[in-house]
Protein chains: 2
Amino acid sequence: MTRIPARVPSAPPTLADVAELAGVSRQTVSNAVNNPDLLRADTLERVQEAIDELGYSPNRAARNLRTRSSHLIGMRMNPAQEGTANATMDRFVHSLVETSREAGYHVLLFTGEHEDPLSGYDDLLRSTAVDAFVITDTYLGNPQATWLETRRAPFVAFGRPWGLPDAGHPWVDVDGAAGADLATTHLLDRGHQRIAWIGWRKDSFIGEDRRAGWSRALKARGLPTTGLASRVEDTVASGREASAVLLDDAHATAFVCASDTLAMGVLHTLAERGLVPGREISVVGFDDSQVAQVVPPGLTSVRQPLEQVAIEVVKALEGLLGHPPYVGPGVLLTPTLAMRGSS
Amino acid sequence: MTRIPARVPSAPPTLADVAELAGVSRQTVSNAVNNPDLLRADTLERVQEAIDELGYSPNRAARNLRTRSSHLIGMRMNPAQEGTANATMDRFVHSLVETSREAGYHVLLFTGEHEDPLSGYDDLLRSTAVDAFVITDTYLGNPQATWLETRRAPFVAFGRPWGLPDAGHPWVDVDGAAGADLATTHLLDRGHQRIAWIGWRKDSFIGEDRRAGWSRALKARGLPTTGLASRVEDTVASGREASAVLLDDAHATAFVCASDTLAMGVLHTLAERGLVPGREISVVGFDDSQVAQVVPPGLTSVRQPLEQVAIEVVKALEGLLGHPPYVGPGVLLTPTLAMRGSS
DNA sequence: TTGAAAGCGCTAACAG
DNA sequence: CTGTTAGCGCTTTCAA
């Protein structure tokens with residue numbers, strides 16, 4: 001429970017107030033807060049009592065000014081795509097906020113102009129408003145990482161440095177190939193032979209990574225992939241069209257999709273044709289969005305371990321901001337499969 | 001575009017650096033940044049050039065310390081409920097971040113312990129880490145608002161002060177009754193007569209507000225509501241069970257639901273019975289979540305104007321933090337109806 | 001219109 | 001183990 005102080009002070013108490021009440025110097029109070037080991041037990045206790053009595057909490061601005069750190073982590077928020085099923089960000093942000101708090105950090109959200117992936121970072125950096133950034137869009141050609149590196153800005157990426165194998169920054173990612181493999185193998189175990197892939201355009205590294213898992217799983221059982229793959233935009237409409245073609249031309253009996261959005265497109269096609277997902281045709285999505293969880297009869301989906309990602313991101317952040325800074329190797333986590341009625 | 005400075009300075013430039021380069025005093029630079037009107041045009045220009053050349057941005061911590069304000073708005077983030085279709089928070093947070101930035105504020109996210117609705121606020125307040133809060137859970141009996149008021153903490157609520165008609169704090173809310181009325185009238189216009197309501201338990205003020213809109217719309221056409229309403233938990237399973245009962249016992253031909261989650265429950269029932277949403281039976285949800293947008297054949301849903309809510313919240317915040325502080329009357333916004341295949 | 005002095009609350013460095 | 005001194009970078013007096 002949160003204690004409610006008896007009186008509401010007009011101005012919050014300062015270090016000096018506590019020092020006076022406890023009969024010690026200001027520095028001793030500071031030590032009591034930041035390096036309790038330095039104090040003798042009885043002094044510490046007396047100071048602690050004064051702190052409790054006054055309801056003292058160190059002034060953040062003063063501390064930030066002095067220590068040249070804000071204990072704030074900046075994260076740029078991109079608008080949630082309307083009409084898609086993506087819920088990754090929401091879950092990740094929450095996990096990050098929670099994990100950061102345990103490490104003594106808060107998360108500062110900001111936005112930037114849509115066309116300019118760099119806008120927003122610069123101002124925060126120059127005004128020393130945040131200690132570090134977490135970036136989430138690591139598609140190839142995104143200049144954020146490179147730019148932040150030249151500015152010597154500490155940051156951790158959720159996403160591999162595609163195309164830059166030896167990037168000097170810490171990163172955490174989820175193994176998309178393993179996820180698609182998991183999904184495909186699951187369908188194979190259910191007896192499916194003609195399992196189609198609906199993914200993104202070839203220039204999406206994330207999409208190609210996931211696709212590789214699908215083809216790997218099929219090849220492991222000696223099954224062909226020819227004619228069973230489709231690469232489209234990440235929209236429901238694209239998923240619907242692609243699945244219609246794959247049903248007609250390739251006689252697919254199951255679909256593995258690069259996103260829940262595409263998987264919903266498949267469900268549209270099935271609904272139009274009076275096919276019941278999970279009975280005649282099986283479908284697996286990617287991301288385990290809320291949509292997957294509530295749509296009838298439930299959409300089987302690859303679930304990213306976002307809580308774990310947040311933990312690793314914060315761990316990397318602590319290394320980065322430590323003395324001396326430490327940059328560990330990239331971390332690749334394995335997703336799981338949330339099984340539901342659609343398979 | 002963001003300009004990339006030629007050199008990367010180890011320590012960011014300060015006011016003094018700019019002053020020296022421009023050949024003026026530090027105070028003049030400060031004025032150039034905060035009160036440009038006070039400077040003569042040519043001085044201002046010279047200072048501005050120096051600022052640009054050095055890439056100067058005022059140090060946030062120092063400014064915060066001096067002005068006793070952080071230009072940060074705190075918002076507690078509650079975990080996204082798994083297995084529900086609620087996407088309100090995500091959209092609202094994004095709008096808030098965007099609108100806040102235009103007003104010169106950033107959003108600081110924090111979490112609290114699950115059982116204690118107060119935890120998290122106290123620390124931020126005492127350490128003067130944020131200037132104000134935005135609170136979003138205004139269910140009756142939530143002590144946040146009252147507690148913040150006794151602490152004289154500035155805050156704006158997204159949600160009416162249910163049960164406290166004359167609360168002294170600014171609030172912004174969406175008219176749930178109007179939304180349900182809109183949905184119900186839409187179904188009436190489509191020729192439905194037996195329109196059922198699936199809502200939340202009676203102790204939810206938000207639920208009762210929305211329910212009132214449904215019954216109001218029916219009564220306006222002289223139609224009875226008896227036996228057509230159900231009050232359950234906000235889960236897909238509850239929605240499914242309730243709709244099955246209402247179909248059997250009340251011969252409902254359409255459903256208005258207090259949430260998209262409940263509406264998805266209805267879709268489950270229809271799928272089980274081989275009924276096609278929008279043909280035999282119509283369904284309308286509430287919140288226009290991503291689920292509503294992508295589920296076949298599309299779920300008609302009441303859409304809250306969250307962008308507008310964010311604008312009003314920030315407007316209220318600016319009043320609250322102005323000199324002197326100004327608290328305007330509560331703002332009630334009207335939702336719209338996103339029409340899709342389910343009706 | 002510009003400049004000088006003071007100090008916001010804290011902690012690093014050192015002295016005792 | 002505790003206290004003294006200095007100063008982080010900025011803005012708010014007030015004086016010129």
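Order of the sequence lines sets the chain letters (A, B, ...), proteins ahead of strands, with each chain counted from 1. The figures that follow rest on heavy atoms only: side chains count, while hydrogens, waters and symmetry mates do not.
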Does OP1 or OP2 of dC1(D) have a side-chain N or O of T43(A) closer than 4.0 Å? no

Nearest-angstrom distance from the residue atom CG of D17(A) to P of dC8(C): 11 Å

Per nearest nucleotide of DNA chain D, the residue lying toward the 5' end, D37(A) or P58(B), is D37(A)

Nearest whole Å is fine: how far is dC8(D) C1' from N64(B) CG? 13 Å

Whole angstroms only, please: what is the CD-P distance between Q27(B) and dA16(D)? 16 Å

Answer yes if the side chains of N34(A) and R63(A) hold a donor-acceptor pair under 3.5 Å, and no otherwise. yes

Length of the CG-P vector between N35(A) and dA13(C), whole Å: 12 Å

Has the side chain of R26(A) got a donor or acceptor that lies under 3.5 Å from a partner of the other kind on the base of dT11(C)? yes

Nearest-Å distance for atom pair CZ/C1', residues R66(A) and dC8(C): 14 Å

Contact class for L38(B) vs. all strands (heavy atom < 4.0 Å): base, sugar-phosphate, or nothing? sugar-phosphate

Charged N to carboxylate O under 4.0 angstrom, R46(A) versus E49(A)? no

Output the rounded distance in Å from OH (Y56(A)) to C1' (dG9(C)). 7 Å

Has S30(A) got a side-chain N or O lying under 4.0 Å from the OP1 or OP2 atom of dC10(C)? no

Closer than 4.0 Å, any side-chain N/O of R40(B) to the OP1 or OP2 of dT1(C)? no

Starting from P on dA12(C), measure out to NE2 on H323(A) and report it in whole angstrom. 10 Å

Looking at every strand, decide which applies to N34(A) at a 4.0 Å heavy-atom threshold: base, sugar-phosphate, or nothing. sugar-phosphate

Does R68(B) have a side-chain nitrogen or oxygen under 4.0 Å from the phosphate oxygens OP1 or OP2 of dG9(C)? yes

Other residues, nucleotides, ligands: >12 heavy atoms within 6.0 Å of E318(B) CD: yes

Closest to the 5' end of DNA chain C, once L65(B) and V24(B) are matched to their nearest nucleotides, is V24(B)

Is any NZ, NE, NH1 or NH2 atom of the basic residue among R151(A) and D122(A) found under 4.0 Å from an Asp or Glu carboxylate oxygen of the other? yes

Interatomic distance, H71(B) NE2 vs dC10(D) P [rounded to whole Å]: 15 Å

Counting just side-chain N and O atoms, does T28(A) come under 4.0 Å of either OP1 or OP2 of dG3(D)? yes

Whichever of A62(B) and D42(B) has its nearest DNA chain C nucleotide further upstream toward 5': D42(B)

Among side-chain atoms of N59(B) and T128(A), is any donor-acceptor pair under 3.5 angstrom? yes

Indicate, with a heavy-atom threshold strictly under 4.0 Å, whether L15(A) touches base, sugar-phosphate, or nothing. base

